[in-house]
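Here's the structure we're looking at; comments come further down.
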Amino acid sequence: MPTPDSIRIMLMVTGGIAAYKSCMLTRLLVQAGFSVKVAMTEAATRFVSPMTFQVLSGHPVATDLWGEGQSHALDHVEYARWSDLTVVAPATANTLAKAASGIADEIVSTLLLAQPGPVLMAPAMNDNMWRHPATQANVVLLKERGVQMVGPGTGFLACGTVDEGRMMEPEEILAAIRILADTVVPRDADGDSPTDQTNFWAGRKVLITAGPTHEAIDPVRYIGNRSSGAMGFALAAQAVARGAAVTLISGPVARPRPRGLREFVGVETGREMSAAVATALAANPDWLIMTAAVADFAPAQPASGKLKKEDLGAGWQLDMVRNPDILAEIVPAHRQPGLKVVGFALETEDVQARALGKLKAKAMDYIVANNPTAEGSGFGEENHQVQLLAAGGMIWQSESRPKAELAAELLTELARHQSG
Ligand code: C5P
C-alpha cells in the first residue's frame with residue numbers, strides 16, 4: 001500500500017464559500033504526508049486568496065491558464081500528470097457540469113480533463129442547485145465514469161437554509177481521500193507515474209456482464225427484469241479507472257458506456273449473452289464478473305408477427321424453455337486456467353448459505369450476495385448493501401452505499417483477498 005508521502009494530490013478549489021474549508025483540508029493533507037498542489041478557478045480566488053493555499057501547500061498555486069510565469073500555462077497536460085489523484089473541493093454545480101460535459105475553458109476544468117488518475121469531488125452548493133435535475137444528472141454521469149463523490153451533507157447553508165448541499169468537513173474528505181489513495185500505485189525511483197494509478201487491477205483483463213436480458217415474445221413484446229445495469233457499469237468504470245483492460249457485455253440498458261473500455265458488446269437475449277461470453281473468454285481474460293441478470297427462461301417460439309389479443313382469447317399459455325446458465329454451462333467449456341470468476345446472487349432468505357451453495361455449484365471463486373429486502377438495499381434504491389463470499393465463507397460485508405462506491409470497494413476487497 002502506498003504511503004501518503006509518495007502520493008501527489010492536485011486539490012482543485014472552485015468558487016463556493018466552502019472554499020475556506022479547503023484551507024484546512026490542505027493543512028490536513030500536508031500534515032498527513034501527502035504532497036499537495038492547488039489549482040483555483042477565478043471565482044474561488046474571490047473567496048480565498050491563492051497566497052493562503054500557496055503557504056499551506058508549499059507550492060505556487062495555479063490560477064490562470066494563460067498567466068505569465070505560471071509553469072502550467074503551456075503544458076497543462078504535463079502539469080496535470082504531476083498528480084496521482086485529484087480532489088475537487090468544493091465542487092460547484094458549474095464545475096460538475098463542465099466536468100460532466102468535458103468543457104475545458106479555464107484552469108480547473110482544463111486540468112480536470114487532462115489528468116489521467118482517479119478523481120474525488122466534494123460538491124457544495126445551494127440546496128436547489130444540488131437538487132436540480134441537471135446537477136443530479138451530471139453527478140450520475142460522473143459517478144458512472146468512476147468519479148468518487150463525498151457528500152454533500154445536510155446542514156447550515158450560506159444562503160441561510162438548513163438543507164442538503166453543504167460540503168463535507170475536511171476530516172471527512174480526508175478519510176475519503178485515504179480510501180482512494182490506497183488504489184494508487186507507488187511511483188518508480190524516477191518518480192514516474194504514467195497512467196498507472198492503480199495496483200492490483202492495472203493491466204488485468206476483466207470481462208464484465210451487466211444488465212437484464214430481453215427475451216422476445218413477439219417483435220414488440222419481451223420478458224425482462226428490473227436489472228438496471230448500474231452495478232456492472234460501475235464495476236467496469238472502476239476497473240478502467242484502476243488500469244484494467246475491460247470488456248463489458250451488456251443487455252439492454254439506458255445508461256452511457258463507461259469511458260475507456262477496451263470493448264463493449266451489446267446483446268438482447270440470454271442466448272446472445274452466452275455467445276458473447278464464450279467469444280470473449282477466448283481472449284483469455286483474468287477475471288469474469290457476472291453481474292448480469294440473465295433470464296432463466298425464454299419463450300420457446302417467439303412469434304414472427306405481433307400477437308393479437310383477438311387471436312389469443314381470454315387467456316393463453318406461453319411455452320418457455322430454459323436459457324443456458326452461463327456460469328454453470330458456458331464458462332466451464334471455455335474457461336482458461338487461471339480465470340477468476342465472480343458471480344452475483346440476489347437472495348431474500350438464508351442469504352449466505354444459498355450464496356455459498358451457488359458459488360460451489362457454479363464453480364465461482366467469489367460471490368457477491370445481496371438481499372433486496374434488507375434495509376439499506378433494494379430495487380430502485382440508491383444505496384445497496386452486499387456481502388462478498390469466497391469458498392470458505394464471508395470475507396467482507398459492505399455498509400449501505402451507492403453502487404458506484406460499492407463497486408470501488410468490491411474491487412479493493414477482491415484485490416486485498418487475492419494479495420493476502
Ligand atoms: O442462480 P442465480 O441465477 O441466482 O445465479 C446468479 C449468478 O449466475 C449471477 O452471477 C448471474 O449473472 C449468473 N447467471 C448465469 N446464467 C444464467 C443466469 C444467471 O451465468 N442463465
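We count ligands from 1, going down the list as the structure has it; atoms in each ligand are counted the same way.
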Sorted by chain and residue number, the side chain to side chain donor-acceptor pair (under 3.5 Å) partners of D218 (sequence neighbours excluded) come out as R221
In this structure, atom 13 (C) of ligand 1 is nearest to the protein heavy atom L327 CD1, 3.7 Å
So side chain to side chain donor-acceptor pair (under 3.5 Å) across residues 311-333, not counting sequence neighbours, yields E215-N323, D325-K362
Ligand 1 to G343, heavy atom cutoff 4.0 Å, flagged ligand atoms 10 (O)
Under 4.0 Å between heavy atoms, the region of N323 that gets near ligand 1 turns out to be neither
Check: Y366 ring centre within less than 6.0 Å of H417 ring centre: yes
Nearest heavy atom to atom 2 (P) of ligand 1, choosing from M364, M273, K358, belongs to K358
Is a donor on one side and an acceptor on the other found under 3.5 Å between the side chain of R242 and the backbone of Q238? yes
Nearest non-hydrogen protein atom to atom 11 (C) of ligand 1, with distance, is A292 O, 3.4 Å
Is the backbone N or O of V386 less than 3.5 Å from a side-chain atom of N370, with the two atoms forming a donor-acceptor pair by type? no
Atom 19 (C) of ligand 1: of M290, R354, K362, R271, the nearest heavy atom sits on K362
Looking only at protein heavy atoms, what sits closest to atom 17 (C) of ligand 1 is V294 CB, 3.6 Å
Counting heavy atoms under 4.0 Å, the part of D296 that contacts ligand 1 is side chain
Under 3.5 Å between some N or O of ligand 1 and some N or O of A293? no
Checking heavy atoms under 4.0 Å, the part of P324 that sits near ligand 1 is backbone
- Going by an N to O cut-off under 4.0 Å, is there a salt bridge joining D105 and K98? yes
If you scan protein heavy atoms around atom 9 (C) of ligand 1, the nearest is F344 O, 3.0 Å
Pair E169 + R166, salt bridge at N-O below 4.0 Å: yes
Looking just at side-chain N and O atoms, do E106 and S109 make a donor-acceptor pair shorter than 3.5 Å? yes
The closest protein heavy-atom partner of atom 16 (N) of ligand 1 is I326 N, 2.8 Å
